[in-house]
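Notes follow once the structure below has been shown.
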Amino acid sequence: MKTAKHHTPGSAGTTRLLRRFLRLLLPAFLLASTCGLYLLSTLTFGDERTGVAVRVSNLAFRTAGVLNTLPQGDIKEAQGAILTLLMSDPAISCAQLFDGDGRMITATPIRQGCRDTQGTAIAEAPVRIQPGALLRVHYNLAELESRSQLFRIFTLLSLLGSLLVAAAASWFSFRLTVGRPVHALLQAIRTTHLLGKPTKIEVVPDDEMGSVILAFNDMQDKIDAEARRNAEALRRLDYIYNEMPALMFSVDNTGRIISASGHWFDETGYRREELIGTPMRDVLSVTEGDDFAASEEMIITAQRPLRDLPFTLTCKDGMRRDVLMAVVPDIEANQGTQFCVLSDISGLKEAQVELRRQAVTDHLTHLPNRQGLFEHLAELKNVNATERNRCALLFIDLDNFKSVNDTLGHEAGDQLLRAAAGRLRNCVYRKDFLARLGGDEFAIVLGGMHSEDDATVVAERIIEAFAKPFRLGEASAVVGTSIGIANFSDSNDGDDILRLADLAMYQSKQSGRNCVSRYSNDLTARVVGRDRLVRRIREGLAQQAFRFHFQPIVDLETLKPVGVEALLRLDHSNGDVVPPSEVIRTAEEAGLIGAVSAWCLSEGVRIAEGEHATLGGRGRFLAINLSPKQLTREFISGMVARLQAAPEIANALVFEITETALFRQDEDVGAMIASLRATGARIALDDFGTGFSSLGHLQRFPVDMLKLDKSFVGGLSGDSDDARRRRAVIKATSALARDLNIRIVAEGIEDHSSLNLLKGFGIGMGQGYLFSPPAPLRIAMDWVDAFDKAGQPGGKIIPLARPNLNGR
């Protein structure tokens with residue numbers, strides 16, 4: 001058995017390359033040389049053949065010419081001698097002379113003649129010794145062929161020698177220019193393979209192989225850099241795999257765990273030797289009713305990534321965690337290996353439960369919120385009709401809560417809401433459902449009633465509970481409740497029940513508050529009327545349907561008008577006038593009071609400019625009600641700029657604001673009022689005495705006038721305790737205002753007895769139906785102007801013929 005000769009990869013590679021090179025080079029060289037030599041010999045000896053033929057032919061014709069010069073007679077010997085001369089040419093082998101009949105006359109060589117001359121060439125020349133005589137000369141090219149053969153042999157030997165020299169030179173040149181660089185390349189590749197580290201070639205020739213080596217070295221640099229990056233990436237990946245706070249592991253195609261991250265062991269408490277090689281089912285389980293085998297089969301046969309597969313992970317200490325598994329198949333692995341990641345959603349589930357609880361719970365009172373109520377009403381849909389008909393819903397709205405919130409602050413308002421929730425909870429049974437709908441609105445779902453009167457009993461119990469004052473820090477407040485009741489027999493839809501109870505509550509508001517109303521069909525008509533009024537207010541703003549009526553304000557000593565108050569009116573399309581209190585209340589409920597107030601202010605300033613001759617020009621003022629919603633820095637700054645440009649108009653304006661506006665916590669009301677007064681306008685505190693702590697705050701705000709609410713003015717002349725208290729309050733207010741240099745306007749004067757009492761208390765100004773009801777602009781201005789034209793002495797009321805005016 002022969003043993004194969006061992007070659008190093010470098011020598012074997014270059015030898016095989018050289019062999020292939022020579023196998024291509026030598027046959028090509030040999031073929032090209034052979035073809036060249038053949039052509040050379042053919043061309044060379046072809047010319048010689050032509051030269052011999054020409055020479056022999058010339059000799060034949062010259063000999064024929066000599067023969068033609070011989071005399072007639074027996075000249076055979078002479079002819080033979082002449083023919084013998086032809087034999088001096090080495091190419092001629094024999095010559096023959098034929099007569100006209102083709103018989104040979106003589107030949108040379110004499111004895112042999114032209115026997116055995118097959119294959120020789122013949123040159124013929126005519127002879128005139130007799131007609132038809134012919135000289136035929138036979139010649140051959142044997143010598144020429146001999147020389148040709150020698151030439152070919154020599155040339156072939158030279159060719160072989162050249163071939164050997166070329167092969168040796170090619171071998172040497174190839175080894176020098178190609179073999180060594182290739183050997184170096186192969187050696188570098190082998191070293192890279194053995195060491196696993198890119199190896200570069202130090203010697204770089206200055207030729208094309210050098211370019212190849214430079215490219216190879218550059219490639220090695222890139223491979224080295226890439227290897228470093230890959231090593232760093234693998235190191236980081238390994239670090240991330242083990243340190244990332246994620247439960248990562250891999251399983252084989254049998255469902256056994258073959259690797260796991262470090263975080264897995266930290267979180268589950270298992271040791272590596274306890275986990276690796278164990279089936280997934282030892283640590284993972286599915287919810288009851290699901291098939292673990294099917295889930296496992298889906299994981300180990302997955303050909304594409306899987307997401308959010310629910311499992312339960314059991315830790316070593318027995319604690320169970322809810323997890324979601326993501327599976328990514330390893331497409332590079334020969335066996336079915338799956339990479340799995342578990343996301344712990346135990347906290348998420350707890351957060352979902354908490355978020356769910358928060359979504360249906362009011363954060364302030366910890367009662368169910370509106371959403372919680374809706375869900376409870378939805379659950380009642382599944383209750384049988386008999387049980388549903390024994391249920392009722394109470395819609396509860398706190399009365400005067402906004403005043404508490406505005407005067408005492410939002411913190412006190414929140415405290416009041418929490419206390420209100422506690423009182424409501426004490427008024428119902430544990431099985432009843434209590435919810436806060438938002439703001440100051442609550443709802444109660446009563447169940448298991450024996451009669452419809454049970455809901456009324458609960459509602460009256462709530463009203464009684466809210467009769468006691470709420471203690472809010474150092475202050476106290478009394479708020480009532482307006483309650484609406486709707487039975488579930490009124491509708492099959494829970495949401496509709498809430499709407500019906502809301503309608504009933506609105507009826508309680510309309511009935512004077514702090515009372516109970518039960519839903520009836522006629523409530524719907526009232527709500528339709530309210531909605532119609534809301535639409536009419538919107539249309540009035542768009543179509544300029546609002547109007548001002550003006551009520552004079554008179555000096556109680558002279559009974560002459562000192563100003564007028566602009567009072568809002570909304571004209572109906574049928575000519576009726578909507579009472580201003582109803583317009584204002586509805587606008588506030590519909591969120592339109594801001595737009596209405598803005599129109600009032602703009603229109604009031606415009607009238608003050610147009611009626612300046614009657615009002616400001618004669619020292620009278622125009623009083624305009626200013627909504628609390630307009631007390632913003634942006635609005636006041638715009639109004640101040642407008643009044644600063646027309647100081648004569650500003651001096652004729654009095655802005656009436658309520659106590660509620662003064663006690664707002666979110667704006668610097670005092671600074672805004674001061675900026676308004678700086679333009680020359682005056683500030684009047686409207687509805688004085690109906691709010692909280694009015695007297696205690698007078699010195700804090702720059703107020704020019706107080707307007708006593710008509711609830712204090714009416715019934716002053718009576719002997720009741722209430723009348724005496726009113727007179728005492730008015731006297732004290734008058735004294736305080738006089739000390740503070742604040743003028744007082746009494747509203748609602750309707751009889752002479754009240755007028756005389758107010759004058760006696762030192763009240764300087766007043767308004768009311770005793771002097772004039774609110775009238776349209778032209779009528780009111782004519783009434784005011786009449787005092788100047790009549791020139792009446794003071795102390796009397798000028799009677800003027802006026803049309804009947806609605807809207808009292």
Side-chain angles (χ1 to χ4, degrees), residues 537 540-553 561-570 580 583-584 587-588 591-662 664 666-686 701-705 707 742-743 745 774 776-778 780-781 784:
I537 292 173
L541 290 170
Q543 301 173 4
Q544 300 297 318
F546 281 99
R547 298 288 182 268
F548 269 144
H549 281 194
F550 300 86
Q551 186 173 38
I553 300 173
V562 294
V564 294
E565 180 183 2
L567 301 173
L568 183 67
R569 297 291 185 269
L570 175 61
V583 173
I584 296 301
E588 289 177 346
L592 299 173
I593 189 62
V596 172
S597 299
W599 180 91
C600 291
L601 192 60
S602 177
E603 181 68 8
V605 173
R606 186 189 67 80
I607 291 174
E609 294 173 346
E611 301 296 330
H612 180 67
T614 304
L615 298 176
R618 299 180 184 179
R620 299 186 179 107
F621 61 83
L622 172 63
I624 304 173
N625 288 279
L626 195 62
S627 169
K629 292 183 178 295
Q630 292 173 297
L631 290 181
T632 63
R633 291 186 178 89
E634 181 179 4
F635 181 84
I636 294 300
S637 61
M639 180 55 61
V640 167
R642 181 173 180 181
L643 295 179
Q644 286 175 342
E648 69 282 359
I649 302 301
N651 293 331
L653 290 177
V654 173
F655 292 107
E656 297 186 6
I657 59 176
T658 62
E659 290 180 285
T660 302
L662 286 180
R664 284 172 51 188
D666 57 338
E667 296 280 1
D668 187 1
V669 178
M672 289 188 286
I673 293 176
S675 64
L676 263 180
R677 293 182 76 239
T679 64
R682 284 164 286 178
I683 303 298
L685 185 57
D686 196 13
F701 299 99
V703 176
D704 299 288
M705 298 181 186
K707 298 196 72 175
I742 298 175
R743 304 181 67 184
V745 179
L777 177 62
R778 288 275 46 91
M781 291 300 103
V784 170

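Starting from 1, each residue takes its place in the sequence as its number.
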Leu570 and Val596: CA distance, side-chain angles, deciding distance, side-chain contact (heavy atoms from CB on, under 4.5 Å) verdict: CA-CA 11 Å; Leu570 175 61; Val596 172; over 6 Å; no

Criterion side-chain contact (heavy atoms from CB on, under 4.5 Å) on Asn651 and Phe621, from CA distance to verdict: CA-CA 8 Å; Asn651 293 331; Phe621 61 83; over 6 Å; no

Go through the steps for Val583 and Arg569 under the test side-chain contact (heavy atoms from CB on, under 4.5 Å), then give the verdict. CA-CA 8 Å; Val583 173; Arg569 297 291 185 269; over 6 Å; no

Report the C-alpha distance between Ile673 and Ile657 in whole Å, list the side-chain angles of each, state the deciding distance to 0.1 Å, and finish with yes or no for side-chain contact (heavy atoms from CB on, under 4.5 Å). CA-CA 10 Å; Ile673 293 176; Ile657 59 176; 3.4 Å; yes

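You'll find the side chain of Ile742 stays beyond 4.5 Å of the side chain of Leu685, heavy atoms only. Side-chain contact between Val640 and Met672: absent, with no pair of heavy atoms (C-beta onward) separated by less than 4.5 Å.
In this structure, the side-chain hydrogen bond (donor to acceptor under 3.5 Å, both in side chains) partners of Arg620, at least two apart in sequence or on a different chain, are Asp788. Here Arg642 pairs with nothing under the side-chain hydrogen bond (donor to acceptor under 3.5 Å, both in side chains) rule; sequence neighbours left out. Taking Glu634 as the reference, nothing meets the side-chain hydrogen bond (donor to acceptor under 3.5 Å, both in side chains) condition, with sequence neighbours excluded. In this view, Ala671 and Asp668 satisfy the side chain to side chain contact (heavy atoms under 4.5 Å, CB included) rule, not counting sequence neighbours. In terms of the side-chain hydrogen bond (donor to acceptor under 3.5 Å, both in side chains) criterion, Arg682 has no residue partners (sequence neighbours excluded). Partners of Ala650 according to the side chain to side chain contact (heavy atoms under 4.5 Å, CB included) rule, which considers only residues two or more places apart in sequence or in another chain, are Leu643, Thr679. Every side chain to side chain contact (heavy atoms under 4.5 Å, CB included) that Ala566 has, sequence neighbours left out, goes to Phe548, Phe550, Leu622.
Heavy atoms only, all atoms of each residue included: Ala608 and Leu653 are closest at CB-CD2, 3.7 Å.
Note on residues 669-678: pairs passing side chain to side chain donor-acceptor pair (under 3.5 Å), not counting sequence neighbours, are Arg677-Asp704. Counting only residues at least two apart or in different chains, salt bridge (Lys or Arg N to Asp or Glu O under 4.0 Å) contacts with residues 645-655 are absent. Every pair passing salt bridge (Lys or Arg N to Asp or Glu O under 4.0 Å) that includes a residue from residues 591-604 is listed here, sequence neighbours excluded: Glu603-Arg606.
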